[in-house]
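This report concerns only the one structure given below.
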Amino acid sequence: MAVVYPADPGMGMTPEPESAASTEPEQTVTTRLRGAFGLIGDYLRGDRWLAQLIRFALVGGFSNIGYFLLFTACYGSGPQLANLIGSVVSTAIANELHRRLTFHAADRVGWLTAQIEGGGLALAGLAITSAALALLDVVAPGMGDIAEAIAVIVITAAVGTLRFLSLRLWVF
């Protein structure tokens, strides 16, 4: 419990207890929440592989949103040009965010190196995904939309995992 002292201690008044009993539980809950989120935040800002993987996934998610927005904004020029613009810009931004945020490598790896190596990995991922989908059409030509969508998700997740490991172990 807090003690409130009078403004002029020479007045002979004794300290009076503050009537803060109603705010103490709120302050305790707030402090505990802040402490818990602080620990989570500290962990997520660290350089352990799981923290990096979480940041990698978040950057990838925001990159996909950026791609979608660019694609829809440029679609009037044709889907191929919209795809190219969306892919190049979102990949460049994702590479920079991975360099700075995901892997904390801004002091170790230059911007151009990150773009060349990260961009090369993105192109390799696109080639692997495209080849896997082409192979899927040959191996299972009658596959339905849902099954093919699930296959795309599995293939993309595998390529994303390889990209994360390559960036973590080789690029950054």
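One is the number of the first residue; the rest follow in order along the sequence.
- A side chain to side chain contact (heavy atoms under 4.5 Å, CB included) with Phe172 is found for exactly one of His104, Gln52, Arg99, namely Arg99.
- Closest approach of Leu136 to Met143, counting heavy atoms only: CD1-CE, 3.6 Å.
- Looking at Glu96 and Gln115, their side chains come closer than 4.5 Å, going by heavy atoms from C-beta outward.
- Rounded to the nearest 0.5 angstrom, Thr102 OG1 and Asp47 CG are separated by 10.5 Å.
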Just distance, no hydrogens or angles: give the donor-acceptor pairs under 3.5 Å from side chains in residues 148-167, sequence neighbours left out.
from, atom 1, to, atom 2, distance (Å)
Thr156, OG1, Val152, O, 2.7
Thr161, OG1, Ala157, O, 2.9
Arg163, NH1, Gly118, O, 3.0
Arg163, NH2, Asn95, OD1, 2.9
Ser166, OG, Leu162, O, 2.9

Show which side-chain atoms of residues 58-71 pair as donor or acceptor with protein atoms under 3.5 Å away, not counting sequence neighbours.
from, atom 1, to, atom 2, distance (Å)
Ser63, OG, Ser90, O, 3.3
Asn64, ND2, Gly60, O, 3.4
Tyr67, OH, Asn83, OD1, 2.6

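- Distance check: Leu84 CG to Cys74 SG gives 9.5 Å after rounding to the nearest 0.5 Å.
- Residues that satisfy the side chain to side chain donor-acceptor pair (under 3.5 Å) test with Glu117, not counting sequence neighbours, are absent from this structure.
- The environment of Asp145 atom CG is sparse: at most 12 non-hydrogen atoms of other residues, nucleotides or ligands sit within 6.0 angstrom.
- Ring orientation note: the planes of Phe56 and His98 are close to parallel, at an angle under 30° on the 30°/60° scale.
- The distance from the CZ atom of Arg48 to the OH atom of Tyr43 is 6.0 Å, given to the nearest 0.5 Å.
- Other residues, nucleotides and ligands place more than 12 heavy atoms under 6.0 Å from the CG atom of Leu169.
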